[in-house]
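Computed from a predicted structure; not experimentally measured.
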Amino acid sequence: MNTLHATARLPRSGNAALAAGALIQAALGLEFVLAGLSKIIDANFVQQFKTFVENSPGAKAGLLAPIIQALVVPNIAIAANLARFTEFGAGIVLLIAAVEVARRRFAGSFGRQHTYEPVVALASSAAGIAVGGLSLMIYLMQGGGLPRISAASAFGSPIAIELLIVPLAFAIAWLEFGRYRALRTSPQTFLGGTA
């Protein structure tokens, strides 16, 4: 008898894909909560952000340079605060949604569907887009290009963490948007779903 059978609660995969997604989502959420908190408690963050922007190659030339010069540089304090609170807030949302995805993997009343879940899934999708976009902007501002083979990367990662976060965050955003859509369906349709 095949142990991986579909039921009214569980997909054929036995929730492996969603559990793995929740783990990645929790790791991303924790990364951004800690990064945001580090920026929040740094009394000199606005000045450091200004220095970072002014000395970044991507702020002087490249795809983002006109936007950075027109919007970020004249409003550096607003941009710095937006960056730190976006990181922190999006991280919290990703963590909460990861806990929700994990909770739903349990049977019984603990794992039952609640009416707030579509909102959490949609907020998590938006948070994934936010952290993915923020990471991509930071990577481009630092002058990052495509990963390449290099002897200098022999004992390090050839892919910068900012660039690695981008597809992970966008994948979580896509997964959560799919979960949002599944959670908004009628209960009869939902019973066969995987949200």
Side-chain angles (χ1 to χ4, degrees), residues 21-104 114-144 157 159-181 183:
L23 182 62
I24 293 167
Q25 187 168 338
L28 279 175
L30 185 60
E31 164 71 20
F32 282 94
V33 165
L34 295 175
L37 281 174
S38 296
K39 291 171 178 67
I40 289 168
I41 66 169
D42 184 353
N44 297 319
F45 177 70
V46 173
Q47 182 57 42
Q48 291 168 353
F49 184 81
K50 182 178 187 287
T51 303
F52 169 75
V53 170
E54 290 174 348
N55 295 321
S56 294
K60 297 173 188 167
L63 197 61
L64 294 178
I67 297 168
I68 292 167
Q69 294 301 321
L71 296 176
V72 176
V73 172
N75 304 298
I76 204 75
I78 293 169
N81 285 318
L82 187 61
R84 67 174 145 189
F85 290 110
T86 297
E87 283 188 8
F88 178 70
I92 291 287
V93 170
L94 287 171
L95 277 174
I96 289 170
V99 168
E100 269 303 298
V101 171
R103 181 189 65 78
R104 288 300 306 279
H114 295 286
T115 56
Y116 62 79
E117 289 181 62
V119 174
V120 171
L122 189 60
S124 183
S125 181
I129 291 169
V131 298
L134 194 58
S135 295
L136 182 60
M137 285 181 56
I138 290 169
Y139 184 72
L140 293 174
M141 282 180 61
Q142 292 173 333
S157 176
I159 302 175
I161 188 68
E162 292 84 8
L163 188 58
L164 185 61
I165 286 173
V166 174
L168 294 175
F170 288 158
I172 292 299
W174 182 256
L175 184 101
E176 284 291 337
F177 187 71
R179 203 166 77 84
Y180 163 75
R181 290 179 56 205
L183 288 166

Can you give me the closest heavy-atom contact between Gly21 and Ile172, atom names plus distance? O-CD1, 3.4 Å

Sequence neighbours left out, what passes salt bridge (charged side-chain N to carboxylate O under 4.0 Å, His left out) with Glu162? Give chain and number order. none

Note: Leu94 and Ala127 closest approach over all heavy atoms is CG-CB, 4.0 Å

Tell me which pairs pass ring pair (Phe, Tyr, Trp, His ring centres under 6.0 Å) where either residue lies in residues 48-97, with sequence neighbours left out. Phe45-Phe49

Not counting sequence neighbours, list each pair that qualifies as a side chain to side chain donor-acceptor pair (under 3.5 Å) and has a residue in residues 167-176. Gln25-Glu176, Glu176-Arg179

Measure the spacing between CG of Leu168 and CD of Glu31 and express it to the nearest 0.5 Å. 11.0 Å

Can you measure from CD1 (Ile76) to CG (Leu71) and round to the nearest 0.5 angstrom? 11.5 Å

Minimal heavy-atom distance between Ala77 and Val46, with the atoms involved, is CA-CG1, 3.9 Å

Drop me the distance from Leu134's CG to Ile138's CD1, to the nearest 0.5 angstrom. 4.5 Å

What are the two closest heavy atoms between Ala169 and Gly128, and how far apart are they? CB-O, 3.3 Å

With Ala130 via side chain to side chain contact (heavy atoms under 4.5 Å, CB included) - residues at least two apart: Thr86

If we ignore hydrogens and angles and just use 3.5 Å, is the side chain of Ser38 paired with the main-chain N or O of Leu34 as donor and acceptor? yes

Return the minimal non-hydrogen interatomic distance between Ala59 and Val53, and the atom names on each side. CB-O, 3.1 Å

So side chain to side chain donor-acceptor pair (under 3.5 Å) across residues 61-85, not counting sequence neighbours, yields Asn81-Arg84

Got Ser135 and Phe170 here, is their nearest side-chain heavy-atom distance under 4.5 Å? no

Of all residues at least two apart in sequence or in a different chain, which pass the side chain to side chain contact (heavy atoms under 4.5 Å, CB included) check with Ile161? Leu164, Ile165

In Å and rounded to the nearest 0.5 Å, what is the CG to CD distance from Asp42 to Gln47? 11.0 Å

Which heavy-atom pair separates Ala79 from Val72 by the least distance, and what is that distance? CB-CG1, 3.8 Å

Just how far is it from atom CG of Asn55 to atom CE of Met141, taken to the nearest 0.5 Å? 10.0 Å

Report the distance from atom CG of Leu136 to atom CG of Leu163, rounding to the nearest 0.5 Å. 7.5 Å

